[in-house]
Amino acid sequence: MKTIETDVVVIGGGATGAGILRDCALRGIKAILVERDDIANGTTGRNHGLLHSGARYAVTDSHSAKECIKENRILKNIASHCVEKTDGLFLTLPEDDYSFQQTFIQACAEAGIETENLTRNQALKLEPNANPEMLGAVRVPDGTLDPFRLTSANILDAVEHGAKLMNYTRVTSLVIEQGEVRGVNCLDMKTGQPVTLRSRQVVNAAGIWGQQIAEYADLSIKMFPAKGSLLIMDYRINSMVLNRCRKPADADILVPGDTISLIGTTSRKVPYEDIDNIKVDSDEIDILIREGEKLAPILGQSRVLRAYCGVRPLISVDGDESGRNISRGIVIRNHAETDSLPGLVTVAGGKLMTYRLMAEMTTDVVSKNLELKTCCTTAETKLPGASPSKKTAATSISVPINASARYRHGERADQFLKDDALSKAVICECEMITRGEIEYAIEQLNAHSLVDLRRRTRLGMGPCQGEVCACRAADVLQTTLKKQGRETNIAEDLNEFLQSRWKGVLPVLWGDALREADFTYWTYQGLLGASSLEAFSRTKINPDTVSPKISLETEV
Amino acid sequence: MSVNLALLDTTFDMCIKCTVCTTKCPVAEIQPDYPGPKQSGPDGERWRMKGEDFYDEALKYCTNCKRCEVACPSGVEIGSIIQKAKARSGRHKPKIRDYILSHTDLMGKVATPVAPIVNMVTKIKPVRVLMDKILDIDGRPSLPTYSWQTFRQWFKKEAPDQSVFKRQITFYHGCYINSNDTTVGKDLVSVLNAMNIGVQLLKKEKCCGVPLIANGFMDKAQSNAKLNTEQFREALEGDSECVISTSSSCSMTIRDEYHSLLEVDNRELVNRIFFFNTFLVKEFEKGNLPDMKPVNIKIAYHSPCHLIRVGGVVFTLEILRRIPGVELHMLDQRCCGQAGTYGFKKENYDTSQAIGAPIFDQIDSINPDYVVTDCEACKMQVESSTNYKVLHPLSVLARALGVSK
């Protein structure tokens, strides 16, 4: 059996796991990250992509609010290419209690979050699509945060500092010797080959799935999964983050993420055994549209591209199994101290916004366990892509291609924005992704499949949901992998990609989205003859038979 | 970076990315720097909503021929989206050249009193070289000549008394007929008089706005639209049955674009604004069909883009079909490349000629007596690029009625 030696194994390729991998690498600790699917495929990739200012938590949870504003300022610096400084508005609508606004402003001030109180007209000038019936608004330094690129940039930096990513590698058990965790046994999901990673520390950063990892060591970590559903609109219906100025509730955040807007979320408890099979319910869609229209009335007239949901990894503290003592804060358990099981550290709770802080706190514990004295530098060290570009784009590259590539990859876009006709050919027209960018994602960012490419580039995330780009990208993927001596069943991959797109469209199948889906169906099944391929004929277009290896509902 | 989203039209949301528009775009076919209407229109709009940094300079290549809108199965007004995006971007600061080319009514006013001089001067090689160098007006195409007497002056002094007719219509003549070539206007008066219909002019009229829109003078186009629409309203409240135009682009603009692009509400009037061809075919159908003599000519008919856009080609063909002695050859429905003022511009001339080349070749192979088309810009392009003379369908009809001017 293949065995690899390292210092630290990190389980889970979400933002937190990626952040820990990077933190270890920057401290000179040898580390490997194992992820059963692909990076940012779990809760990380299934939220708003909101760069919280902390204002949302200011009234109810000042500790979280303070953490958020601190990380907000850090991320604007170290991850500038994953962040857009849109600012946000907290709207008071006629149905809301206007006096809450003063409480809110006061709480923000206490947490160190700057606010600006705006009249209705001032707010409408800044955000013309906001509900004109608002009584007033408060401006806060909210923004947007792209979870896929954030995770990818953390991995990229870690790899460039000697760490290793093993995606599509599932942990099957922990290696426990003489009462100490000394590594993990894994299965390569692509080849079916077992592999053992031996290490001095194992970090369980598997989020909601961390409960299962803990069970491998007969430990009890009780998670209380709560499902949150969101809708993606076809385009940016708002240019600032819109919130309601009231206590947090369902469907009261509208975020302009990249080329689209997102409305969310709902919150519903789900049984732990269902976490891999959650679905967006139709009444949730109704709530999201109804409440979303209150923030921006145009939402009701715009095309909904997709619906998706994720699971919040809420954890009970102090072994409380009743769920009364649930924390939304960061929970780190050094099992050497809490369970007399050295070698294992679990991190849970928290939020995307505080991924870096969680990684810092976890790596501090790991460092201590390894008896190292190196310090964390992730709050100051810019991620790859966040530095200013040294080059100017080739003159023959069009403005939107250049600008969108730089928006996604920062200065790293220099590596693929080239003058030759082949590399600047546009593959995904909705999201302006060139062949060069796709090759870069395969060669530099560990993309193995079309779905992986989507997370690293936004391939297929626009209005056509893969209709135009999927077959083109499949060709580029196959050609590039072949150059690296890697084989792939491209028909199966294409099918999986289209099915994953279809899955998110299905719950919102009306109007133009329906016409689009129908057209895609005709294009692939009819025109391109996909129905004659074995990979496609096995899958019927039926939501119940959609079974990509990823078992959660749908991704962003 | 931030964009005033409320100002944006969101019909692009209906695009299903079928890309039929781009396959029908005459510019995308020959100009590799133009990404075509899908990417410039609905795709680009999503990016432009994100921020001005994503604005593509290549939008300047769009001729606003609107073939994309004809092709679109989803009702997206792609050409208008592109024109509005260009205007909103403020990136295409109109040059003096664009002012001269687009302010057709003003130029007519200045040039007609000294028309022989202007016409002579614009034919002198060194002058054209200077215009090419200084103004970026390409030295190769023939520029429109000006008429010594405007159509309005002719109408006032020399047109027969129109008050003898019981039925009255109002003629929106537009700039070209007034200042450049008055023939079609005179032919319209003759033809309608032969059908016992009197012609009136508006008290005043301004350029319909089509060249202003294409050159980025949106405010001016809008103020013209307001003035013209007020004039139409006044005429239609009087004894005029309807307003008629003989230019396919003017007619599309005054009827459709005032509302959809320039935000001037003319919806209550649009059912009484006609292109000449629909009006005539309706009259013919009602039996108001004057006697025609055979004209015995071979013609090649070219369909103007904006007439295709409003679905009007069939009516012109119906008129030509009724004229005895016409040997009608249909040219392929391709753009001639002129697109109003586009083909006069130095940076576009080669593109313009390349777009039109298949049409010019086809005309050569048919070798007609005349090319016939409803659009003055197409006429200028064909006459400048081939050895054939171009007639308006009304002039063919006038010949058949024996009332030709």
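The figures that follow rest on heavy atoms only: side chains count, while hydrogens, waters and symmetry mates do not. To find a chain, count down the sequence lines: A is the first, B the second, and so on, and within it residues start at 1.
- Under the 4.5 Å side-chain criterion, counting only non-hydrogen atoms from C-beta, Ile260(A) is in contact with Arg46(B).
- Environment of NZ in Lys294(A): crowded, with over 12 heavy atoms of neighbouring residues, nucleotides or ligands closer than 6.0 Å.
- With a 4.5 Å cut-off on non-hydrogen atoms, Pro32(B) does not touch chain A at all.
- With a threshold of 4.5 angstrom between heavy atoms, Gln301(A) approaches chain B through N, CA, C or O but not through any side-chain atom.
- Geometric assessment of Lys50(B) against the ring of Tyr407(A) yields a positive cation-pi assignment under the 6.0 Å and 45° thresholds.
- Taking all atoms of both residues into account, the shortest heavy-atom contact from Asp43(B) to Cys430(A) is OD2-N, 4.4 Å.
- In terms of heavy-atom proximity, Arg515(A) sits nearest to Pro73(B) at NH2-O, 4.0 Å.
- For Glu347(B), the CD atom sits in a packed shell: over 12 heavy atoms of surrounding residues, nucleotides or ligands are nearer than 6.0 Å.
- Between Glu429(A) and Lys38(B), at least one side-chain N (NZ, or NE/NH1/NH2) sits under 4.0 Å from a carboxylate O, which counts as a salt bridge.
- Of the inter-residue distances, the one linking Gln39(B) atom CD with Ser398(A) atom OG reads 7.5 Å to the nearest 0.5 angstrom.
- At a 4.5 Å heavy-atom cutoff, Asp518(A) makes no contact with chain B through either its backbone or its side chain.
- Options Val399(A), Thr259(A), Thr86(A) differ in how many heavy-atom pairs under 4.5 Å they form with chain B, and the most are formed by Thr259(A).
- Side-chain contact between Arg303(A) and Met14(B) is absent, with no heavy atoms from C-beta onward closer than 4.5 Å.
- Side-chain contact between Trp47(B) and Met432(A) is present, with at least one heavy-atom pair separated by less than 4.5 Å.
- The OG atom of Ser74(B) lies 9.0 Å from the CZ atom of Phe519(A); values are rounded to the nearest 0.5 Å.
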| task | Kindly determine whether Thr10(B) and Ser302(A) satisfy side-chain contact (heavy atoms from CB on, under 4.5 Å), including the steps that lead there. | result | CA-CA 8 Å; Thr10(B) 58; Ser302(A) 307; over 6 Å; no
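- Atom SG of Cys464(A) and atom CD1 of Ile16(B) lie 10.5 Å apart (nearest 0.5 Å).
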